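Worksheet: one structure, shown below.
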Amino acid sequence: METPRMVVVESVEEVAQRAADYVEALLERKPDAVLVLPTGRTPVALYREMKRRYAAGRIDFSRARTFNLDEWVGVAPDEPGSYAGFMTEHLYSRVNLRPENCLIPDGLAADLEAECRRYEDRIRQVGGVDLAVLGIGQNGHIGFNEPGTSFEARTHVTAVDLSTQLANAYAFDGRPVPSRAITMGIGTILEARDILLLVTGPEKSEILLRALTGPVGEDVPASILRRHPSVTVVADYTAASRLAARPD
Ligand code: GLP
């Protein structure tokens with residue numbers, strides 16, 4: 001099988017619909033499926049679509065399990081920027097996921113290393129991940145696995161690049177963006193049975209081109225997805241523009 005499969009669509013809404021199709025089909029086939037979920041601007045439309053399909057009786061999340069990719073260190077769920085807060089606002093409060101089935105790394109844990117181990121254990125206990133839905137940072141990061149992170153990394157505490165802090169400043173209401181986060185490791189992500197990479201907007205076109213056509217290496221974390229047997233990239237045409245422009 002050729003990987004990654006490329007699905008290029010017209011709009012952000014269509015990216016969300018295609019991604020929701022994958023989630024819907026998976027939960028139909030396996031109601032207690034294990035999903036990895038991202039935060040950021042990219043998945044907002046997907047979560048809106050998941051809410052719509054739940055409200056329309058098309059998707060039932062009652063047995064689904066979710067693990068988020070990452071969380072900032074030191075940000076409480078009710079504070080600006082919190083990924084736990086983001087997930088509650090955009091998804092948990094809108095569909096019938098059970099709170100006990102929705103995990104996010106605890107960036108407030110007294111022992112962060114122990115929290116990372118606990119997260120890995122929980123993923124193992126549920127039998128691994130069926131579908132990991134990912135976004136991509138402008139420097140090629142997935143989760144908070146910044147350039148230079150080992151492809152074998154498990155869930156760990158990481159230093160967030162300055163460029164990534166700046167890219168996320170919009171969510172912090174003028175407060176300082178934390179310099180540390182907990183992230184699921186690339187090694188953990190690569191164990192997912194299927195991976196869906198969502199990419200939207202012209203500002204992602206350069207990194208998508210590098211990730212999919214440049215050398216596979218730790219300086220572009222998302223490039224390793226090309227070594228996974230089942231990856232689908234769903235991109236809008238603005239994000240895919242440079243790929244399309246490449247001569248054959
Ligand atoms: C953050 C998250 C990533 C996400 C990335 C892109 O850094 N840790 O998981 O993929 O931002 O975010 P956006 O979708 O807002 O471009």
Side-chain angles (χ1 to χ4, degrees), residues 4 11-13 15-16 18-19 35-50 66-75 80-87 89-91 103-107 116 119 129 131-149 153 155-173 176-186 188-190 192 195-212 220-225 231-236 238-240:
S11 64
V12 167
E13 273 315 310
V15 169
R18 295 300 186 97
L35 299 165
V36 163
L37 296 177
T39 48
R41 291 183 172 106
T42 310
V44 168
L46 167 62
Y47 297 150
R48 213 168 31 231
E49 183 62 21
M50 284 162 73
T66 70
F67 287 84
N68 262 70
L69 277 171
D70 45 19
E71 178 61 288
W72 301 99
V73 168
V75 180
S82 157
Y83 286 164
F86 173 99
M87 290 306 294
E89 180 188 341
H90 291 280
L91 189 66
L103 267 79
I104 299 188
D106 179 4
C116 294
Y119 210 63
V129 173
L131 177 67
V133 184
L134 309 176
I136 183 171
Q138 282 184 47
N139 63 2
H141 71 232
I142 45 180
F144 270 129
N145 292 280
E146 298 282 25
T149 308
T155 300
H156 62 285
V157 179
T158 183
V160 179
D161 283 4
L162 193 56
S163 66
T164 304
Q165 291 180 47
L166 290 172
N168 284 282
Y170 73 92
F172 282 84
D173 286 355
V177 181
S179 56
R180 288 193 306 159
I182 296 182
T183 183
M184 196 176 278
I186 295 180
T188 320
I189 293 169
L190 291 176
I195 295 179
L196 207 51
L197 177 67
L198 310 184
V199 197
T200 58
E203 66 282 3
K204 298 284 176 68
S205 61
E206 180 65 41
I207 194 61
L208 184 59
L209 176 71
R210 283 180 66 200
L212 295 185
V220 181
S223 65
I224 191 60
L225 298 176
V231 175
T232 304
V233 179
V234 186
D236 73 351
T238 64

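Values in this document were obtained by computation on a predicted structure and should not be read as measured data. Read the numbers this way: they start at 1 and go in the same order the structure lists the ligands and their atoms.
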(message) Below a 4.0 angstrom heavy-atom separation, can you tell me which part of Asp70, side chain or backbone, both or neither, approaches ligand 1?
(response) side chain
(message) Looking only at protein heavy atoms, which one is nearest to atom 12 (O) of ligand 1, and what is the separation?
(response) Gly40 CA, 4.0 Å
(message) How far is atom 7 (O) of ligand 1 from the closest protein heavy atom, and which atom is that?
(response) His141 NE2, 2.9 Å
(message) Any side-chain to backbone donor/acceptor pair from Asn68 onto Thr39? Under 3.5 Å, distance only.
(response) no
(message) Can a donor-acceptor pair be found, under 3.5 Å and without considering hydrogens, that links the side chain of Thr183 to the backbone of Gly185?
(response) no
(message) I'd like to know if the side chain of Trp72 and the backbone of Gly81 have a donor-acceptor N/O pair within less than 3.5 Å.
(response) yes
(message) Less than 3.5 Å apart, any donor N or O on the side chain of Asp161 or Ser163 sitting next to an acceptor on the other?
(response) no
(message) Strictly distance-based, threshold 3.5 Å: is any side-chain N or O of Lys204 a donor or acceptor partner for the main-chain N or O of Ile136?
(response) yes
(request) Answer with side chain, backbone, both or neither: which part of Tyr83 has a heavy atom less than 4.0 angstrom from an atom of ligand 1? (result) side chain
(request) Examine distances only and state if a side-chain atom of Asn145 and a backbone atom of Met184 form a donor-acceptor pair shorter than 3.5 Å. (result) yes
(request) Check Val234, Val36, Leu198 against Val133 for a side chain to side chain contact (heavy atoms under 4.5 Å, CB included) and give me the one that passes. (result) Leu198
(message) I need the atoms of ligand 1 closer than 4.0 Å to a non-hydrogen atom of Gly143, numbered in the order shown.
(response) 2 (C), 3 (C), 8 (N), 9 (O)
(message) Please classify the Thr164 to ligand 1 contact at 4.0 Å (heavy-atom distances, strictly less than): side chain, backbone, both or neither.
(response) side chain
(message) Can you tell me which portion of Asn168 lies within the under-4.0 Å heavy-atom range of ligand 1? Options are side chain, backbone, both, or neither.
(response) side chain
(request) Of the side chain and backbone of Lys204, name the one, both, or neither that has a heavy atom under 4.0 Å from an atom of ligand 1. (result) side chain
(message) List ligand 1 atoms under 4.0 Å from Thr42, heavy atoms only on the residue side.
(response) 13 (P), 14 (O), 16 (O)
